Number of protein chains: 2
Amino acid sequence: MAEPEEPAILPEREIEDDAYALDGETVRAIRDAVEGDDGAALKALMAPLHPADIADLLEQMDQGPRHRLIDLYGQDFDGEILSELDESVREDVIAALSPRVLTEAVRSLESDDVVDLLEDLDEPQQEAILEALEMGDRVAVERAMSFPDGSAGRLMQREVVTAPEHWTVGNAIDFMRASLDLPEQFYHIVLVDPRHRPVGHVTLGKVMSADRVTPLKELQEPSFRTIPATQDEEDVAYAFNQYHLISAPVVDEDGRLVGVITIDDAMSVLSEENEEDLLLLAGVGDESITDRTMQIARQRFPWLLVNLGTAILASLVIAQFESTLSAIVALAVLMPIVASMGGNAGTQSMTVAVRGLATRDLTGSNALRVLRREVTASLLNGLVFAVIMGVIGWIWFGTMMLGVVLGLAMIINLIVAGLAGVLVPLGLARVGVDPALASGTFVTTVTDVIGFFAFLGLAGIVLL
Amino acid sequence: MAEPEEPAILPEREIEDDAYALDGETVRAIRDAVEGDDGAALKALMAPLHPADIADLLEQMDQGPRHRLIDLYGQDFDGEILSELDESVREDVIAALSPRVLTEAVRSLESDDVVDLLEDLDEPQQEAILEALEMGDRVAVERAMSFPDGSAGRLMQREVVTAPEHWTVGNAIDFMRASLDLPEQFYHIVLVDPRHRPVGHVTLGKVMSADRVTPLKELQEPSFRTIPATQDEEDVAYAFNQYHLISAPVVDEDGRLVGVITIDDAMSVLSEENEEDLLLLAGVGDESITDRTMQIARQRFPWLLVNLGTAILASLVIAQFESTLSAIVALAVLMPIVASMGGNAGTQSMTVAVRGLATRDLTGSNALRVLRREVTASLLNGLVFAVIMGVIGWIWFGTMMLGVVLGLAMIINLIVAGLAGVLVPLGLARVGVDPALASGTFVTTVTDVIGFFAFLGLAGIVLL
């Protein structure tokens with residue numbers, strides 16, 4: 001199946017069976033068009049692609065071909081492609097666009113998308129984009145940028161369809177028909193009081209199906225929530241997911257309407273937050289598949305360094321038992337098993353706890369119960385594995401007491417794993433550190449240290 | 001702050017600073033009302049809570065108080081609470097509801113929510129719920145249940161607002177005003193051809209702002225996608241997130257409209273899929289914070305067993321070098337460092353690769369480039385850590401060549417970590433296994449085995 005230039009490591013299933021991702025054939029044809037400098041063919045191939053797909057395509061290309069593609073594609077470059085691009089590639093693409101194309105692209109975007117675009121750019125590029133905007137949009141974008149990074153104020157769009165609370169369906173329909181620039185997408189009409197504070201909202205569906213004389217107030221949705229502009233976007237995403245919100249008005253500190261957040265933006269945040277947790281748990285940090293090698297090496301270095309520190313700590317524990325080890329070399333052979341099992345059991349408990357904290361399912365009212373359950377589950381598995389490994393150790397080295405020591409160490413370490421797996425994330429959350437960030441290292445340090453200490457210490461007492 | 005019965009391990013920050021999660025005070029007041037058998041107080045406390053919050057509350061309670069709460073709460077029990085409950089608690093709650101309350105609760109739900117409810121229940125409970133439904137709903141639910149588990153057909157709601165493609169805005173508005181049972185939430189009118197195949201859709205916002213005489217066709221959204229009823233829900237969630245869909249019609253194999261999926265359902269799926277990946281990576285499987293101890297211990301056992309197997313494999317490698325180890329005990333002290341660093345670097349690469357596969361950012365067209373980059377980044381860090389650990393090893397044990405061996409083994413193992421971190425997930429994806437499921441164990445096995453082998457093997461050659 002694989003073409004000569006596409007090596008066999010590609011996961012065909014992911015590509016061929018998938019209705020959405022760019023299929024390999026299109027990608028190859030586009031590469032050919034770029035190499036052949038065939039602008040017409042390129043535009044024809046790109047025309048049916050969604051901006052999100054084009055962004056993916058650009059991310060997957062090397063810098064040289066990427067720039068050639070941008071040159072060839074020229075004026076057709078859509079602003080939404082910029083919005084969809086991963087940060088790591090965005091700067092490069094913006095730098096490669098001609099000023100005229102960039103201006104066109106940026107002007108076609110909604111103000112919240114421009115804000116999203118600006119956030120990760122450096123000063124000169126930010127300035128170039130702000131200058132490309134028309135005055136009104138520029139003011140709106142600068143106002144949004146005045147809200148803290150990662151807040152609802154940055155996430156919201158400014159354009160909201162509002163109606164005074166005493167309006168009828170007929171008033172609202174007439175008003176909308178007369179409006180020249182309604183937002184591209186909107187799902188609710190927000191009812192506001194005379195001081196422009198939102199008091200409720202009505203879905204368009206309800207408005208459509210009611211008589212013209214019906215007061216909007218009668219059609220209000222029972223569940224209505226406003227979001228403070230300074231709220232963290234992670235909390236916003238949580239609220240949308242928890243309460244099945246479709247859109248929610250954003251208010252300033254006086255409760256006045258300043259914008260609206262829609263579920264598609266919340267969905268993007270949710271997806272990013274989940275990615276962040278996953279990567280943080282693995283000690284990778286805020287990294288993407290398109291980052292450059294040096295960047296990656298540098299970003300991962302700190303966590304490997306921390307791990308080196310904890311590994312040395314474990315080695316220092318082992319070093320305390322050098323005389324025991326030189327008397328019984330079998331201990332050196334078996335000791336990694338105890339540490340490894342503890343590390344795995346600890347990671348299991350920890351992941352459940354970290355996720356529970358992120359989804360607010362682990363709270364003060366059930367923390368003790370979860371802890372008890374994790375420790376008991378660990379103990380149960382510890383007992384089973386103690387028997388299995390005890391027997392294996394006994395048979396392997398012919399010393400029954402070695403098996404007993406191995407089994408006991410296994411039980412101790414799995415109990416410790418359950419304890420650490422829950423208490424470390426809870427402790428980090430309590431002192432205000434993201435539990436996804438540091439739990440892994442702490443938990444495996446504890447299980448390594450205790451694992452080696454318990455096994456070698458017991459062996460020293462029992463076997464020597 | 002903490003009450004005597006609430007021990008200090010609770011992460012106050014998560015509870016007190018959070019605008020959404022149930023606050024500790026309300027939870028305590030509800031518990032008191034349940035203990036005091038005070039139904040009136042309970043109902044007053046529960047009235048302002050969203051069904052999702054009530055579900056969280058029930059999940060966090062022990063079985064006894066939970067049943068007492070359900071009894072006291074009685075007729076007020078909302079069907080949506082059932083939808084929001086985690087599977088592990090749902091069966092218990094359904095069993096605790098009186099048949100009359102259950103019937104009321106189930107009848108108030110939309111058909112897609114009933115389907116979601118039924119999926120994880122056992123036969124008798126499914127039957128009880130189906131019997132509670134009115135005939136029309138029952139048929140709809142049974143039809144949805146005929147689609148494969150986890151498919152778009154299960155996720156969709158059957159109620160769709162459609163219009164013949166030749167209608168005008170006025171036709172659509174008159175039709176909607178005359179309709180008695182429009183769906184609770186809808187955002188688009190789907191245009192269908194005479195054979196009921198969707199050909200496009202119009203947002204309600206566009207309909208609202210256009211003149212009555214405007215043909216709906218002129219208002220069609222440029223990006224329009226249909227979803228096959230048999231498509232995997234994970235792919236559906238991906239499409240919603242990638243293409244910023246708000247709702248999308250579902251079609252059968254003949255392209256005829258059978259239902260619609262809205263973004264809030266896609267968001268739930270996305271969130272669940274992310275959770276699943278995270279838990280699978282940690283070897284936890286499909287588990288929740290409310291599962292029982294025995295269940296948890298049993299679910300985690302297989303992965304610990306697999307890990308035991310791989311740990312024994314690593315021990316077998318060490319056993320090959322018993323004579324080397326008894327000659328130089330320092331090796332036993334240092335060898336876990338090499339394995340641990342390899343394991344960590346491998347996990348970093350692997351997590352990036354697994355996530356890249358899940359988000360379709362890692363594909364055939366950039367797999368080789370990602371591999372090259374990961375290995376190079378690993379090599380760079382390997383070189384730095386080789387120097388650091390070489391010096392530490394030399395100073396610690398006073399043998400320069402021990403430092404050299406340690407450094408070399410570190411470099412070898414970090415290169416292997418980068419290779420395995422990418423190739424293992426790609427390989428698993430290629431053979432059709434979820435890379436999140438098994439990558440972790442494979443990668444750390446490779447880095448353990450190679451780490452011990454390289455370090456002890458080199459030591460045997462160089463130092464003896």
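Since we're looking at a predicted model, the values are computed, not measured.
In this structure, Ile388(A) CD1 and Ile312(B) CD1 are separated by 8.5 Å, a value rounded to the nearest 0.5 Å. Here the CG atom belonging to Leu204(B) is positioned 8.5 Å from the CZ atom belonging to Phe186(A), to the nearest 0.5 angstrom. Taking CG of Asp62(B) as the start and CZ of Arg369(A) as the end, the distance is 4.0 Å to the nearest 0.5 Å. To the nearest 0.5 Å, atoms CG (Asn381(B)) and CD (Gln299(A)) are separated by 11.0 Å. Once rounded to the nearest 0.5 Å, the distance linking OG of Ser365(A) with CE of Met61(B) reads 9.0 Å. Here the straight-line distance linking atom OG of Ser268(A) with atom NE2 of His244(B) works out to 5.5 Å at 0.5 Å rounding.
Proximity to chain A (any heavy atom under 4.5 Å) is shown, for Leu57(B), by neither the backbone nor the side chain. When heavy atoms are compared at a cutoff of 4.5 Å, Leu316(A) approaches chain B by way of both its backbone and its side chain. The part of Leu182(B) that comes within reach of chain A is its side chain, from C-beta onward, which places non-hydrogen atoms under 4.5 angstrom from that chain. With a 4.5 Å cut-off on non-hydrogen atoms, Arg372(B) does not touch chain A at all. If you measure heavy-atom distances from Asp56(B) to chain A, the contacts under 4.5 Å come from the side chain alone. For Glu84(B), the part sitting under 4.5 Å from any heavy atom of chain A is the side chain, from C-beta outward, and nothing else. Only the side chain of Val384(B) comes within contact range of chain A, with heavy atoms under 4.5 Å apart. Both the backbone and the side chain of Ser326(B) come within contact range of chain A, judged by heavy atoms closer than 4.5 Å. At a 4.5 Å heavy-atom cutoff, the contact between Leu281(B) and chain A is made by side-chain atoms alone. When heavy atoms are compared at a cutoff of 4.5 Å, Ala319(B) approaches chain A by way of both its backbone and its side chain. Both the backbone and the side chain of Leu305(A) come within contact range of chain B, judged by heavy atoms closer than 4.5 Å. Of the two parts of Phe321(B), neither the backbone nor the side chain holds a non-hydrogen atom closer than 4.5 Å to a non-hydrogen atom of chain A. Looking at Asp448(B), neither its backbone nor its side chain comes within 4.5 Å of chain A, counting heavy atoms on both sides. When heavy atoms are compared at a cutoff of 4.5 Å, Asp265(A) does not approach chain B at all. When heavy atoms are compared at a cutoff of 4.5 Å, Ala266(B) approaches chain A by way of both its backbone and its side chain. Contacts of Phe301(B) with chain A are made by both backbone and side-chain atoms, with heavy-atom separations under 4.5 Å. Heavy atoms closer than 4.5 Å to chain B are found in the side chain of Val27(A), but not in its backbone. Neither the backbone nor the side chain of Glu273(B) comes within contact range of chain A, judged by heavy atoms closer than 4.5 Å.
Side-chain atoms of Ser315(A) come within 3.5 Å of backbone N or O of Val333(B) as a donor-acceptor pair. A donor-acceptor pair under 3.5 Å is absent between the side-chain atoms of Asn344(B) and the main chain of Leu304(A), judged by distance alone. The backbone N or O of Ala210(A) lies less than 3.5 Å from a partner atom in the side chain of Arg177(B), making a donor-acceptor pair.
Applying the side chain to side chain donor-acceptor pair (under 3.5 Å) test to His50(B) and every residue at least two apart in sequence or in another chain returns nothing.
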>> Arg355(B) vs Val284(A), test: side chain to side chain contact (heavy atoms under 4.5 Å, CB included). Steps then yes/no.
In response: CA-CA 12 Å; Arg355(B) 180 69 191 175; Val284(A) 180; over 6 Å; no
> When you look at Ile263(A) and Asp264(B), which way does the side chain to side chain contact (heavy atoms under 4.5 Å, CB included) test go after all the steps?
Replying inline: CA-CA 8 Å; Ile263(A) 185 174; Asp264(B) 53 322; 3.9 Å; yes
> Can you list the steps and then say if Glu374(A) with Ile296(B) is a side chain to side chain contact (heavy atoms under 4.5 Å, CB included)?
Replying inline: CA-CA 8 Å; Glu374(A) 287 296 328; Ile296(B) 285 187; 4.3 Å; yes
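Of the N and O atoms on the side chains of Thr359(B) and Glu275(A), not one donor lies less than 3.5 Å from an acceptor on the other residue. Gln242(A) and Asp53(B) form a side-chain donor-acceptor contact under 3.5 Å, judged by distance and modelled atom types alone.
Of the listed residues (Leu308(A), Thr203(A), Leu279(A)), the greatest number of heavy-atom pairs within a distance under 4.5 Å of chain B belongs to Leu308(A). Residue with the most contacts toward chain B among Gln60(A), Glu80(A), Glu59(A): Gln60(A) (heavy-atom pairs, distance under 4.5 Å). Interface summary for chain B: among Met176(A), Met267(A), Gln185(A), Arg298(A), the most heavy-atom pairs under 4.5 angstrom belong to Met267(A). The candidate with the highest count of non-hydrogen atom pairs below 4.5 Å against chain B, out of Ile173(A), Asn241(A), Thr347(A), Thr376(A), is Asn241(A). Top candidate by heavy-atom pairs under 4.5 Å with chain A, chosen from Leu414(B), Val354(B), Asn274(B), is Asn274(B). Of the listed residues (Ile246(A), Asp86(A), Val338(A)), the greatest number of heavy-atom pairs within a distance under 4.5 Å of chain B belongs to Ile246(A). For the options Gly283(B), Gly356(B), Ala339(B), Ala172(B), heavy-atom pairs under 4.5 Å to chain A are most numerous at Gly283(B). Top candidate by heavy-atom pairs under 4.5 Å with chain B, chosen from Val422(A), Leu325(A), Thr293(A), is Thr293(A).
Just one of Thr310(B), Asn307(B), Thr444(B) meets the side chain to side chain donor-acceptor pair (under 3.5 Å) condition when paired with Ser340(A); it is Asn307(B).
Closest approach of Ala282(B) to Gln348(A), counting heavy atoms only: O-CG, 3.3 Å. Residue Arg300(B) comes nearest to Val352(A) through the heavy atom pair NH2-CG2, 3.5 Å, listed as atom of the first residue, atom of the second, then distance. The shortest heavy-atom contact between Pro336(B) and Met335(A) is CG-CE, 4.4 Å. Considering every non-hydrogen atom in both Leu270(A) and Ser271(B), the closest pair reads CD2-CB, 3.8 Å. Taking each heavy atom of Leu278(A) and Thr351(B) in turn, the nearest pair found is O-CG2, 3.7 Å.
A heavy-atom distance below 4.5 Å is found between the side chains of Met294(B) and Leu380(A).
Sparse packing is recorded around CZ of Arg292(A), with 12 or fewer heavy atoms of other residues, nucleotides or ligands lying under 6.0 Å away.
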